[in-house]
Amino acid sequence: MPNKTTPEPKGSGAKIDGASQVAGALLMLSGPLSILVGASGIAEDNLFAVSTRYAYRFDLTTWGVIHLVVGVALVVAGLAILMNKSWGRGAGVAAAGISLITQFMFVPYYPAWAIPVMALDLVILFALTRFHVGAGGDL
């Protein structure tokens with residue numbers, strides 16, 4: 001009698017591909033860094049330049065809370081991807097996209113921070129949205 005095994009459902013310990021591992025690791029890097037910037041903004045640190053003529057001008061505390069929430073979302077998405085949860089890739093794309101938009105709006109406050117994080121978000125988005133072909137030719 002042949003050994004009949006059922007395929008493991010996705011998210012139950014099956015291996016994830018290299019690009020997803022990289023994206024998960026980068027999300028786990030970007031998330032805590034955003035949390036630290038958020039904490040610095042909430043503390044109204046003098047690290048940031050405050051512009052008076054900017055369309056997206058918010059109070060530094062508001063920017064701190066935004067970065068804190070986005071950072072937590074990045075960490076949760078990174079953990080989900082590394083744990084191979086079915087919703088992880090979608091959450092990672094959403095969190096990285098939101099992070100990209102918020103970093104773009106944050107450029108006048110701290111360009112030396114926002115521009116590299118925008119590049120990191122683009123790498124994450126590329127890794128998560130690329131066309132993926134399984135080992136057996138399955139999509």
Side-chain angles (χ1 to χ4, degrees):
M1 177 184 254
N3 185 7
K4 294 183 180 180
T5 60
T6 58
E8 289 186 52
K10 194 164 183 135
S12 66
K15 291 185 78 170
I16 59 174
D17 64 327
S20 294
Q21 287 178 343
V22 168
L26 290 177
L27 283 165
M28 292 301 296
L29 171 71
S30 180
L33 291 175
S34 291
I35 290 170
L36 290 175
V37 167
S40 180
I42 291 171
E44 295 187 13
D45 197 1
N46 59 1
L47 180 69
F48 306 111
V50 179
S51 175
T52 58
R53 300 185 67 202
Y54 182 55
Y56 305 112
R57 188 173 63 100
F58 294 126
D59 182 55
L60 277 181
T61 303
T62 305
W63 274 116
V65 171
I66 290 170
H67 280 287
L68 190 67
V69 170
V70 169
V72 169
L74 290 168
V75 169
V76 168
L79 283 173
I81 289 170
L82 293 176
M83 294 172 58
N84 203 18
K85 299 294 182 187
S86 60
W87 52 271
R89 291 176 70 90
V93 168
I98 291 169
S99 176
L100 179 66
I101 293 167
T102 58
Q103 294 300 332
F104 176 76
M105 294 180 352
F106 194 66
V107 167
Y109 291 92
Y110 195 8
W113 167 261
I115 293 171
V117 173
M118 286 171 58
L120 183 65
D121 290 336
L122 286 173
V123 170
I124 292 168
L125 285 170
F126 172 75
L128 291 177
T129 59
R130 67 179 182 73
F131 182 70
H132 174 69
V133 177
D138 300 332
L139 292 179

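- Closest heavy-atom contact between G92 and L128: C-CD1, 3.6 Å.
- When atom types are taken as modelled, the side chain of S34 and the backbone of S30 share a donor-acceptor pair closer than 3.5 angstrom.
- Ring orientation note: the planes of F106 and Y109 are close to parallel, at an angle under 30° on the 30°/60° scale.
- To the nearest 0.5 Å, the span separating CG on L33 from OG on S99 amounts to 10.5 Å.
- Note that the CG atom of L100 and the CG atom of L122 stand 5.0 Å from one another [nearest 0.5 Å].
- Rounding to the nearest 0.5 angstrom, the gap separating the CG atom in L26 from the CG atom in L120 is 5.0 Å.
- Atoms CG and OG, on L82 and S20 in that order, are 9.0 Å from each other to the nearest 0.5 Å.
- Taking both residues in full, the closest heavy atoms of A80 and G88 are given as CB-CA, 3.7 Å, listed atom of the first, atom of the second, then distance.
- Transitive grouping of hydrophobic side chains (ILVMFWY, heavy atoms separated by less than 4.5 Å) brings L74 and V123 into a common cluster.
- Neither F126 nor I16 shares a network with the other; the hydrophobic side chains, linked directly or stepwise wherever heavy atoms of I, L, V, M, F, W or Y lie under 4.5 Å apart, form separate groups for each.
- Note: W113 CH2 to S40 OG = 10.0 Å, rounded to the nearest 0.5 Å.
- Closest approach of Q103 and H67 over heavy atoms only: NE2-CE1, 3.1 Å.
- The shortest non-hydrogen separation linking M28 to P32 is O-CD, 2.9 Å.
- Listed here is the closest heavy atom pair of I124 and A96: CG2-CB, 3.8 Å.
- A donor-acceptor pair under 3.5 Å is formed between the side chain of T129 and the backbone N or O of L125.
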**V75/I35 under side chain to side chain contact (heavy atoms under 4.5 Å, CB included): CA gap, chis, key distance, verdict** = CA-CA 9 Å; V75 169; I35 290 170; 4.3 Å; yes
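- For the atom pair I101 CD1 and D121 CG, the distance stands at 10.0 Å (nearest 0.5 Å).
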**Request:** Check the pair I81, Q21 against side chain to side chain contact (heavy atoms under 4.5 Å, CB included), reporting the backbone distance first and the verdict last.
**Result:** CA-CA 7 Å; I81 289 170; Q21 287 178 343; over 6 Å; no
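- Under the 3.5 Å distance criterion, the side-chain polar atoms of T102 are matched with a main-chain donor or acceptor of I98.
- Residue W63 comes nearest to M105 through the heavy atom pair CH2-CB, 3.6 Å, listed as atom of the first residue, atom of the second, then distance.
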